[in-house]
Amino acid sequence: MTTRTLLVAVATAMLLAPPAFAADLAVPHIYTKAPQVAVDPGHNWSGFYAGINVGYGWGRSATTADFIDSGGGALLNSSAGKFDLNGVTGGGQIGYNWQREMFVIGFEADFQGSGRKGRFDALCAGAPAGLQDGVCTPGHRGDNTFDPALPVTFNLVQKLDWFGTVRGRLGVAVTPRVLFYGTGGLAYGRVSTY
């Protein structure tokens, strides 16, 4: 075989051979981390909590003051009335909640000091003009006919010194951050009257 025949055969083989493309070559893969995605972990109502509070309270109290004869025990007069019981309150609370799926159960206790205070002035009328005995002063004799018995007054002050509660809670988390709940338990406190 001659060189020329060999060159023609090689040229023909090259023309009939399938083409090779660069895409078919192995390229090393470069791996990169995907950017972090902010995921809301959700809200869970479980756990301990504590807090302090201050506020103002207002209300009304109703009472009846009875004027009783100290000698015989008879009711001489009765004076009923209402008065405001207003003032500053402040204190603290602690509690714990457990959440299971959408249901929340818990307990809470709080204690408040109070400056809520009110006053009631009761009056038992004196003797009408020309009489010497008043309703609340039987047997009183003035110096003369023109000295009737004076009225009797009584001042009642009530103060809510402190109060607190211990109660349970049962609720439903309707969304991760909204809790509808009911609570009930024991309330206690001290009211001073003087």
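No hydrogens, no waters, no symmetry mates; every other heavy atom, side chains included, goes into these values.
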Show me the side-chain donor-acceptor pairs of residues 76-87 shorter than 3.5 Å, one per line, residues at least two apart or across chains.
unit_1	atom_1	unit_2	atom_2	d
Ser78	OG	Asp66	OD1	2.8
Asp84	OD1	Arg60	NH1	2.7
Asn86	OD1	Gly59	N	3.2

*Flag side-chain contact, heavy atom, 4.5 Å: Lys117 against Gln158*: no
_Which heavy atom of Ala50 sits nearest to which heavy atom of Ile94, and what is that distance?_
CB-CG2, 3.9 Å
*Interatomic spacing from CG in Asn44 to CG in Asn97 - rounded to 0.5 Å*: 9.5 Å
N/O donor to acceptor pairs below 3.5 angstrom from side-chain atoms of residues 185-192, sequence neighbours left out:
unit_1	atom_1	unit_2	atom_2	d
Arg190	NE	Asp161	OD2	3.1
Ser192	OG	Asp161	OD2	2.3

*asked:* Distance check, rounded to the nearest 0.5 Å: Leu123 atom CG versus Thr153 atom OG1?
replied: 7.0 Å
*Drop me the distance from Ser114's OG to Leu160's CG, to the nearest 0.5 angstrom.*
4.0 Å
*Of all heavy-atom pairs between Gly171 and Leu179, which one has the smallest distance, and what is that distance?*
C-CD1, 4.0 Å
*Identify, with sequence neighbours excluded, every residue that meets side chain to side chain donor-acceptor pair (under 3.5 Å) alongside Thr183.*
Arg167
*Hydrophobic clusters join Ile, Leu, Val, Met, Phe, Trp and Tyr when side-chain heavy atoms are under 4.5 Å apart, directly or via other members; which others share one with Val157?*
Tyr194
*Do Val104 and Val178 sit in the same hydrophobic cluster, where Ile, Leu, Val, Met, Phe, Trp and Tyr count as joined when their side-chain heavy atoms come under 4.5 Å apart?*
no
*If you look at every heavy atom in His43 and Gln99, which pair is closest and at what distance?*
O-OE1, 4.1 Å
*Evaluate whether atom NZ of Lys159 has more than 12 neighbouring non-hydrogen atoms of other residues, nucleotides or ligands under 6.0 angstrom away.*
yes
_I need the Trp98 CH2 to Tyr96 OH distance, nearest 0.5 Å._
6.5 Å
*If you link ILVMFWY side chains whenever their heavy atoms are less than 4.5 Å apart, which other residues fall into the same cluster as Leu75? By chain and number, please.*
Ile68
*What's the spacing between Leu170 CG and Ile105 CD1 if we round to 0.5 Å?*
6.0 Å
_side-chain hydrogen bond (donor to acceptor under 3.5 Å, both in side chains) between Thr89 and Gln112, worked out_ = CA-CA 6 Å; Thr89 63; Gln112 314 294 321; 5.1 Å; no
*Once you round to the nearest 0.5 Å, how far does OG1 of Thr193 lie from CG of Leu156?*
6.0 Å
*Linking I/L/V/M/F/W/Y whenever any side-chain heavy atoms sit under 4.5 Å apart, do Tyr49 and Trp45 land together?*
no
*Summary of ring pair (Phe, Tyr, Trp, His ring centres under 6.0 Å) pairs that have at least one residue in residues 152-186, sequence neighbours excluded*: Phe111-Trp162
